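Okay, structure first, notes after.
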There are 2 protein chains.
Amino acid sequence: MGAGVEWAAHCCLLLDWLGNDEAVSTARLAAGFEIPPAYLNKQLQALVRAGILTSVPGARGGFRLDRPLRKITLMDVVAAIEGPDEAFECTEIRQRGPGVDTPKRLFRRPCAVDAAMRSAELQWRRALAARTLADLRDTVDRSAPDLGEQLRDWYVHN
Amino acid sequence: MGAGVEWAAHCCLLLDWLGNDEAVSTARLAAGFEIPPAYLNKQLQALVRAGILTSVPGARGGFRLDRPLRKITLMDVVAAIEGPDEAFECTEIRQRGPGVDTPKRLFRRPCAVDAAMRSAELQWRRALAARTLADLRDTVDRSAPDLGEQLRDWYVHN
DNA sequence: GTCGAATTACTCGGATATATAATGTCCGAGTCGGGCAGG
DNA sequence: CCTGCCCGACTCGGACATTATATATCCGAGTAATTCGAC
């Protein structure tokens, strides 16, 4: 899985901690995490296309959350960055080759390997969809209540 | 996820259907699935390293199941091909950058994003580990009882 | 006809190319804020 | 002093390199079967 997923999740959390009143530019976000700004910009664009963030062009522009963290799941973030395709893709290998010259009567049922893989991946997706970014923020806030304020303080001066 | 996972799973099932009395060469397996033989060989080597198959060198050589399908889970196959690493890898991005100059007191707890990702991936692994290849074989056998015999017939002549 | 050794054909195993995707960089279009001239 | 316009700086957005990974290929080491000859 690409590193952009981690970047995107932490950026969304940070945008919430900083308050959603004004947009934050790619440069400042990247400086806060010490990651390549232009590449981060690319990931943020993906979040915009997915409807998670909104982009404000021009000077003093940047990105802002399009909906509260409560309505953004980890699944949304992963899907936005990694794309909608499933990790395992069945190519119907069982039907290929001259091994079975019988008609496709035997292959009406879906491929058993594919079914098992899809089932497992569905569990994964369910778990991701069950966790909203608000849950994560609250978890962090409980273990470090003053983190948000410290972040705001630093970003004010940068 | 690489295509090798699909190949490996189907090859294991096929080896069982053909009976495990004699080894089957890479060339014959690849011919049955219409996939590049040399590349399939690479994946099978990974299965050997993982202890799922045993390789028989020399003429009339090939591969054979090292244990019954009942003792091989889909998780074993995936781990053998894709490697043992987790898909999501936390780089502790939260601690990077000058944004937080406080000591690491705030970061004793594990990263919340990482925890959620690991939890979801654990669900995925559990689901894969719960399905043995014997389960899949039985599923196919129920929907197509004579598939195994047809496969044996064809492979006898090739 | 039987035994035995050299030969041959075949297979795995890993080292080596190529294609594809992930990562990283760069420049142009657009927009806001501030400066500046005019009234 | 106030207003409106122009200029400059800043930012997103997508097009363009670079690196890593997955895919595909090739050749050597080794083994079993086969063949050939001698007894």
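Residue numbers start from 1 in every chain, and the chains themselves are labelled A, B, ... in the order their sequence lines are given, proteins ahead of strands. The structure displayed is predicted, hence computed values, not measured ones.
With hydrogens and angles ignored, the 3.5 Å screen pairs no side-chain donor or acceptor of A/Asn41 with any backbone N or O of A/Thr26. Side-chain atoms of A/Asp135 come within 3.5 Å of backbone N or O of A/Thr132 as a donor-acceptor pair. In this structure, the side chain of A/Arg64 does not engage the main chain of A/Val56 through any donor-acceptor pair within 3.5 Å.
Taking CZ from A/Arg131 and CE from B/Met117, the interatomic distance works out to 12.0 Å, rounded to the nearest 0.5 Å. Summarising the geometry, atom CD1 belonging to B/Ile72 is positioned 9.0 Å from atom CG belonging to B/Leu13; distances are rounded to the nearest 0.5 Å.
Looking at heavy-atom distances under 4.0 Å, A/Arg28 makes no contact with the nucleic acid at all. Residue-level contact check: A/Ala3 touches the backbone only, with heavy atoms under 4.0 Å from sugar-phosphate atoms and none from bases. When heavy atoms are screened at a 4.0 angstrom cut-off, A/Gly62 is found touching the sugar-phosphate backbone but no base atom. Residue B/Gly61 is classed as a sugar-phosphate contact, given heavy-atom separations below 4.0 Å to backbone atoms only.
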Stepwise, does the ring pair (Phe, Tyr, Trp, His ring centres under 6.0 Å) test hold for B/Trp7 with B/Tyr39? CA-CA 10 Å; B/Trp7 299 0; B/Tyr39 190 34; 5.4 Å; yes
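Remark: B/Ser25 is not in phosphate contact with C/dC12, judged by side-chain N or O atoms under 4.0 Å from OP1 or OP2. Taking only side-chain nitrogens and oxygens, B/Arg49 comes nearer than 4.0 Å to OP1 or OP2 of C/dG14. Of the side-chain N and O atoms in B/Gln45, none sit less than 4.0 angstrom from OP1 or OP2 of C/dC12. OP1 or OP2 of C/dT11 has not a single side-chain nitrogen or oxygen of B/Thr26 nearer than 4.0 Å.
For B/Arg60 and C/dT8, the CZ to P distance is 20 Å, given to the nearest whole Å. Protein atom CE of B/Met1 is 14 Å distant from nucleotide atom P of C/dA22, rounded to whole Å. Regarding B/Gln43, its CD atom lies at a distance of 13 Å from the P atom of D/dT25, rounded to whole Å. Atom CG of A/Leu40 and atom P of D/dT11 are 14 Å apart (whole Å). Atom CD of B/Glu22 is separated from atom C1' of C/dC10 by 15 Å (rounded to the nearest Å). The distance from atom CD1 of A/Ile35 to atom P of C/dA22 is 18 Å, rounded to the nearest whole Å. Look at CG on A/Asn41: it is 13 Å from P on D/dA15, rounded to the nearest Å. Nucleotide D/dC12 holds its C1' atom 13 Å from the CG atom of A/Leu53, rounded to whole Å.
Nearest nucleotide to the A/Lys42 side chain, out of C/dT23, D/dA24, D/dG13: C/dT23. Closest to the side chain of B/Trp7, from the set C/dT25, D/dA24, D/dT31, is D/dA24. Across D/dT31, D/dT25, C/dC26, the shortest atom-to-atom separation from the side chain of B/Pro36 is found for D/dT25.
Ranked by how close their nearest DNA chain C nucleotide is to the 5' end, A/Pro37 and A/Ala59 are led by A/Pro37. Nearest-nucleotide positions on DNA chain C for B/Val24 and A/Gly58 put B/Val24 closer to the 5' end.
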